[in-house]
Structure formats: structure tokens, C-alpha cells
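Chain letters run A, B, ... following the sequence lines, proteins first, then strands; residues in each count from 1.
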Protein chains: 2
Amino acid sequence: MATIKDVAARAGVALGTASRVLSGSSQTSADSRARVLAAAAELGYIANGPARSLRRARTDVLGLLVSDIRNPFFSELAHAAEQEARRHGYTVLLANANEDAEQADAYLKTFAAQRIDGLLFSPQGTVSPQVAATLASGLPVVFLNRTIEGVDAPLYGTDNAQGVQQVLAWLQRRGHRDVAFIGGPDGISTGAERRAAYLAGRRAHGISTDDRLLDAGDFLAGGAAEAMCRILDRGVTFTAVFGANGQTTLGAVRALRQRLGAEQAARIEVVSFDDLDWFEFASPPISAVRNDASSIGRLGVRGLVDLLAGREAPGQRVPTTFADRSVQGTA
Amino acid sequence: MATIKDVAARAGVALGTASRVLSGSSQTSADSRARVLAAAAELGYIANGPARSLRRARTDVLGLLVSDIRNPFFSELAHAAEQEARRHGYTVLLANANEDAEQADAYLKTFAAQRIDGLLFSPQGTVSPQVAATLASGLPVVFLNRTIEGVDAPLYGTDNAQGVQQVLAWLQRRGHRDVAFIGGPDGISTGAERRAAYLAGRRAHGISTDDRLLDAGDFLAGGAAEAMCRILDRGVTFTAVFGANGQTTLGAVRALRQRLGAEQAARIEVVSFDDLDWFEFASPPISAVRNDASSIGRLGVRGLVDLLAGREAPGQRVPTTFADRSVQGTA
DNA sequence: CTGTTAGCGCGTTCAA
DNA sequence: TTGAACGCGCTAACAG
């Protein structure tokens with residue numbers, strides 16, 4: 001692979017001149033500029049990133065640590081973040097914690113070794129030693145979607161309170177009184193916020209405050225299905241189910257159909273935080289809070305870029321919209 | 001951030017000794033080993049990756065370029081690949097071409113700049129100049145799921161012929177004669193292979209050879225919906241639809257329901273290459289070829305690791321299974 | 001087994 | 001504007 005030395009030799013200039021042309025740092029004569037560029041093109045020169053990083057003490061790489069890349073919310077977020085980062089001249093190193101604090105720690109170490117310039121982080125909720133070390137290191141950090149209590153880093157995430165309000169309003173409009181709520185882990189900020197907003201608002205929207213209708217999973221389909229089963233086992237009746245994220249709703253619907261059969265299950269209306277492709281096909285169709293992953297990813301990157309440029313990054317709550325798919329004439 | 005020099009000073013040994021202990025290259029005395037390790041722990045030393053890469057002329061980073069990270073098949077594949085790579089001591093740099101050859105080129109350039117050690121590649125089908133340069137550079141490459149005609153690199157992918165056979169057998173068992181087929185781009189190897197297998201096998205399975213029942217999209221929901229509409233517009237009747245990948249099936253179902261309404265659409269059976277979470281909830285449920293993304297990702301990484309170690313990597317077709325969800329008593 | 005030293009490729013400083 | 005020289009942090013080669 002050609003080095004800058006090869007380029008300089010071919011262009012008949014000194015190494016320094018070639019470097020100046022290629023990294024555009026200072027003025028060069030039109031003549032040497034042209035010759036260096038031509039030589040570089042002929043040789044297919046691509047600067048050696050590690051060498052450049054070593055010298056400049058920055059990598060132009062941002063780390064993105066998400067909790068579960070198979071969750072469509074995060075894969076869309078990752079996609080948007082990547083696009084936005086590229087626009088600002090950064091490469092994204094994507095890591096998937098797989099909802100597992102140990103893996104998150106391992107990746108944070110990898111990020112540190114790679115000397116990323118900044119971190120986009122969707123945390124598990126716990127402050128492990130590695131997380132603490134990362135935060136203490138002075139690395140610019142932005143939280144995406146989830147935050148950690150007491151940590152001073154801007155959060156770019158969904159307006160959970162607003163989303164839950166939309167669900168509550170919908171439940172009331174649909175006349176539901178007995179509603180099963182399947183939340184997420186309380187240690188994850190989105191889980192806690194959505195649960196808190198639901199508990200705070202249910203009475204005012206005419207919804208039963210019977211806590212036997214409440215349970216929580218792990219924000220994955222499996223744990224949510226178990227939670228749904230526990231509620232069913234308690235023998236309280238309900239006419240609607242509210243799943244606190246997309247995977248949770250998936251698990252809940254699965255459990256309902258398995259336990260009650262498709263026909264009985266279809267008598268229960270389902271509403272979800274997070275909108276998924278197939279909700280329109282469910283019977284009955286599932287209404288949902290649209291959680292704008294793209295915007296969160298994009299804004300998060302912009303915030304981090306601001307931080308890196310020494311500017312302020314205040315964080316931001318992204319508004320939700322509600323997709324009402326309830327069928328006319330039923331209630 | 002602490003350097004190896006700091007560690008050596010603190011441990012009271014020379015730089016080289018610290019390096020030997022920390023990278024475990026050669027034998028060191030138990031004493032210096034203990035002292036270096038202690039010093040490193042106290043300082044929270046993490047080796048500078050770029051510097052190490054520069055010196056060793058390798059990065060221990062693998063590039064993974066997928067065509068669409070928002071496609072669940074690829075997000076699962078990426079997840080599995082990442083896990084497997086980690087087991088072998090590699091970090092994965094994930095890039096998303098977004099089904100766009102230009103973006104793919106941009107990422108290949110980034111990979112080259114980062115000096116990745118090897119590439120896992122799910123190509124668009126076209127050999128752009130950048131793809132050609134990458135292949136010509138001698139970088140070890142493995143294709144995942146898709147290949148490029150005439151390029152000599154091992155492919156780890158689905159056994160498309162087998163999968164299509166399973167669909168054909170199912171269609172025959174269900175007594176379908178008039179089947180609409182929505183394929184993918186012919187330039188993508190999976191699109192071409194699935195289409196070829198379908199065309200080759202349909203007559204033997206008692207399926208109409210009327211080519212008005214054939215169309216193709218872009219392997220995304222939007223293009224597939226358009227293809228479905230074109231078939232509907234031709235006015236030929238059919239009792240089943242076969243979507244050549246998951247997103248295609250999604251688009252097809254959407255189009256059917258929009259054009260025919262949910263009730264009429266429910267009279268048409270749908271079968272898919274790729275299995276998605278929600279197929280069990282569709283009415284009627286959608287049967288599907290299970291496409292083992294995890295295995296493909298895992299095997300691909302192993303193949304690339306073999307290549308990097310100077311061993312052979314023959315490539316492999318991963319067998320499919322079929323999820324028959326057809327409802328008893330109907331046909 | 002350990003200390004010393006060269007140099008990976010690059011950007012930047014200092015002189016000219 | 002340009003050339004020459006230095007050093008980023010690390011590993012490997014060599015000498016002891």
C-alpha cells in the first residue's frame with residue numbers, strides 16, 4: 001500500500017509538501033498541489049488512519065454503543081447516527097451490548113483502546129466500574145434514548161411522558177377501564193419513565209388502579225411474554241394491554257394468543273410504545289406511539305459534534321406521534 | 001491517558017519489558033510481570049490501538065459491510081458476526097450500504113483508511129471501481145449471503161435452491177396452481193438464484209408458468225408493493241403469493257390489503273423467503289423459509305479468520321428450514 | 001530474561 | 001512556499 005512518501009517521490013516534492021497538500025492544512029503552490037494530487041490518484045493513495053490518528057491524537061471515530069441492535073428502534077437509530085456522523089467527517093464504530101452489562105463493559109474497553117473521539121451511549125442503567133471509568137476519563141459522551149441517573153451528560157431521547165399521555169388519551173377514548181400494563185426494567189430510564197407516567201396518569205383517564213394489572217419484563221419478547229402470563233394467572237380481567245416497548249408488545253401478543261387462542265385474544269385491544277411494521281396487520285390492528293429513532297440518532301450525533309467543537313449540547317426530548325389504528329365502529 | 005512508558009516507570013522496568021508483559025509476546029520473570037501488571041492496573045492503562053496498529057501493520061479490525069442494517073436478517077447477521085469476531089480477538093467495524101452502491105464505495109474507502117485486516121461483504125451486485133480496487137488490493141475478503149459473479153472469494157450464504165424447493169413443495173401440498181412471485185433485483189445474487197430456482201421448479205410442482213404472475217422489486221417493502229400492484233393490474237388471478245425476501249413479503253402484504261381490502265386479501269395465502277416475527281400473527285399466518293442469519297454471520301467470520309491465518313476457506317451454503325404455518329382444514 | 005534502540009506513517013515545527 | 005527533522009506510542013530486533 002502506497003505511503004505518503006511514495007506520493008511525494010512520485011510528485012517530485014518533499015514529504016512535508018505532500019502532507020500539506022493532502023491534509024489541506026496550509027497553503028501550497030498550485031503547481032505542487034496539482035502534482036501531488038495526480039501522484040496520489042495514480043497510486044491510489046489512501047492515508048494510513050492509524051498513523052494519522054497517532055500523530056494527531058484524534059481518530060475521527062465516534063463510538064456508538066446500543067443495547068440491542070436487533071431491536072428495530074436501535075437499528076434505525078444506528079443507521080441515522082451513522083449517516084449524520086459521516087456528514088460531519090466522522091466514522092462510527094458500532095457496538096452492541098445485547099442488553100448485557102458485561103458486554104457493554106467489554107466494548108467500552110475496546111472503544112478506549114481505539115481512542116474514539118466521543119461516545120454515543122444507550123446504557124443499561126447500571127454504573128459499572130468501566131462505565132464510571134469512561135465517564136471519568138473526560139471523553140465527550142452523549143446519551144441516546146436512555147440515561148443514567150445523576151450522570152452529567154446530555155440526553156437525546158424520546159419524550160416518554162408525552163408518548164404515555166397519548167396512549168392514556170387513546171385508552172380513554174376507546175373506553176378502556178381495565179388495562180394490563182407491561183413495563184420494562186425499572187433500572188432502565190425509559191422503563192422507569194414510562195411506568196411512572198402511566199401510574200401518574202391512569203386515574204385521571206378513568207383507568208383502573210388495580211396493581212394486579214401491572215407487571216414488567218426485560219424489554220425483550222421473552223420476558224414480556226412471561227409478564228403477560230403472570231398477569232393472566234392473577235385472574236383479573238382486562239380489555240386492553242399496553243406494552244412499554246416494541247419487543248414487549250410482541251411478547252405480550254404472543255402470550256395472549258398462546259394462552260387464550262387467537263379468537264379470544266382478538267377481543268383484547270393492544271397499544272404499544274414503539275411502532276412496528278406489522279402492527280397494521282394484527283387483529284385487531286395495534287395502535288402505537290411512534291418513537292422517532294432517526295431523529296434521536298441524528299440529534300445525538302449533532303450534540304456530540306457540538307461537544308467536540310467545544311460548544312454546548314443541551315440534550316433534547318424528541319416529540320412522539322401516535323398512530324391510531326383502532327377500527328371504526330368498535331369499542 | 002497513561003502510556004506504556006508511564007507503566008514501565010511506575011513498575012521500575014524498561015519500556016521493552018513492560019511491552020513484553022502487556023502484549024505477552026515473550027517470556028518475562030514472574031517478578032517484573034507482577035509489577036508491570038500492578039502498575040498498569042493502578043494507572044488504568046489501556047494500550048493505544050492506533051500506535052499498536054501502526055507498529056504491527058495490522059489492526060485486528062474486521063470490516064463488515066451489509067446492504068441494509070434495518071433489515072432484521074442483516075441485523076441478526078451483524079450481531080452474530082460481531083460475537084464470533086470478538087471470540088477470535090477481532091473488533092468489527094460495521095458499515096451500512098443502505099442498498100446503495102455509492103455508500104458502499106464510501107465505506108470501502110473508510111475501511112481502507114482504517115487498514116482493516118479483512119472484509120465481510122454483502123455486495124450490491126455491481127463491481128464498482130472501489131469494489132474492484134478493494135478486491136485487487138489483496139485484502140482477505142469473504143462474501144456474506146450475496147456474492148459477485150466471477151469474483152474469487154468464498155461465499156457464506158443461504159442455500160437458496162433448497163429454500164425455494166421447500167416453498168415449491170409447500171405450494172404443491174397446499175394445492176396452489178396460480179402463484180404470484182415477487183422477486184428481487186437480478187443483479188443481486190440471492191435475487192437471481194431464488195428466481196432461477198423458482199422458474200426451474202414451478203412446472204414440476206404443478207404451478208402455472210404464466211409469466212404475468214412474475215414481477216420483481218428492490219428487496220425493500222416499497223418496491224415490492226409496486227411489483228405486487230403491477231401483477232394485480234394485469235388482471236390474472238392467483239391464490240398465493242411468494243415473496244423472495246422478508247421486506248418483499250411485507251410490501252406484498254401491504255399492497256394486497258390496500259388494493260383488495262383485508263377480507264379479500266385474507267383469501268390469498270402468502271409464503272416468504274426469510275421468516276419474520278409477525279408472520280404467525282398474519283391472517284392467514286404466513287409460512288416461511290427460515291434463513292439462518294446467525295449461522296451465516298458466524299461461519300463467515302470463521303472463514304475470514306481462517307483466511308487471515310493462511311488456511312483455506314471453502315465457503316459454505318447454510319441449509320434452510322421451513323416454518324409451515326398453514327391452518328389445518330383449509331386449502 | 002532485560003535494557004536499548006530503530007522505525008511503523010504521518011503532521012507539524014523550524015529554517016531557509 | 002518548501003525541505004528537513006522530530007516525535008506521537010508501540011513492538012520487535014539486537015545486544016547483553
* **Listed partners of B/Asp31 passing side-chain contact (heavy atoms from CB on, under 4.5 Å), at least two apart** => B/Ser29, B/Arg35

* Structure fact -> Those residues at least two apart in sequence (or on a different chain) that pass salt bridge (charged side-chain N to carboxylate O under 4.0 Å, His left out) with B/Arg52 are none

* To do: Check salt bridge (charged side-chain N to carboxylate O under 4.0 Å, His left out) between B/Arg70 and all other residues, then give those that pass, not counting sequence neighbours.
  => B/Asp68

Which side-chain N or O atoms in residues 40-50 of chain B pair as donor and acceptor under 3.5 Å with protein atoms at least two apart or in another chain?
{"residue": "B/Glu42", "atom": "OE1", "partner": "B/Arg10", "partner atom": "NE", "Å": "2.5"}
{"residue": "B/Glu42", "atom": "OE1", "partner": "B/Arg10", "partner atom": "NH2", "Å": "2.7"}
{"residue": "B/Asn48", "atom": "OD1", "partner": "B/Ala51", "partner atom": "N", "Å": "3.0"}

* Value in whole Å for how far the C1' atom of D/dT2 lies from CZ of A/Arg33 -> 16 Å

* Asked: In terms of side-chain geometry, is the basic nitrogen of A/Arg298 or A/Glu82 positioned less than 4.0 Å from the acidic oxygen of its partner?
  -> no

* Structure fact -> Result for 5'-nearest mapping on DNA chain C, choosing between B/Leu54 and B/Ala14, is B/Ala14

* To do: Remember a base hit wins even if backbone is also touched, and classify B/Ser32 as base, sugar-phosphate or nothing at under 4.0 Å, heavy atoms.
  => sugar-phosphate

* Contact interval (first through last nucleotide) of DNA chain C with protein chain B, 4.0 Å heavy-atom -> C/dC1 to C/dG9

* Pairs where residues 140-151 of chain A contributes a residue and the test salt bridge (charged side-chain N to carboxylate O under 4.0 Å, His left out) is met, not counting sequence neighbours -> A/Glu99-A/Arg146

* Asked: How would you list, by chain and number, every residue that makes a side-chain contact (heavy atoms from CB on, under 4.5 Å) with B/Ala85, sequence neighbours excluded?
  -> B/Leu62, B/Tyr90, B/Val92, B/Val301

* Report, as a single string ordered 5' to 3', how protein heavy atoms within less than 4.0 Å touch nucleotides 11-16 of chain D: B base, S sugar-phosphate only, - not at all. => BBB---

* **B/Arg302: salt bridge (charged side-chain N to carboxylate O under 4.0 Å, His left out) partners, not counting sequence neighbours** => B/Glu84

* Quick one: list whatever passes salt bridge (charged side-chain N to carboxylate O under 4.0 Å, His left out) with A/Asp306, sequence neighbours left out. => A/Arg311

* Structure fact -> Result for 5'-nearest mapping on DNA chain C, choosing between B/Arg115 and B/Thr28, is B/Thr28

* What are the residues of residues 35-43 of chain B, sorted by number, that bring a heavy atom to within less than 4.0 Å of DNA chain D? -> none

* With sequence neighbours left out, write down each residue that passes side-chain contact (heavy atoms from CB on, under 4.5 Å) with A/Ser137, or none if nothing qualifies. => A/Leu139

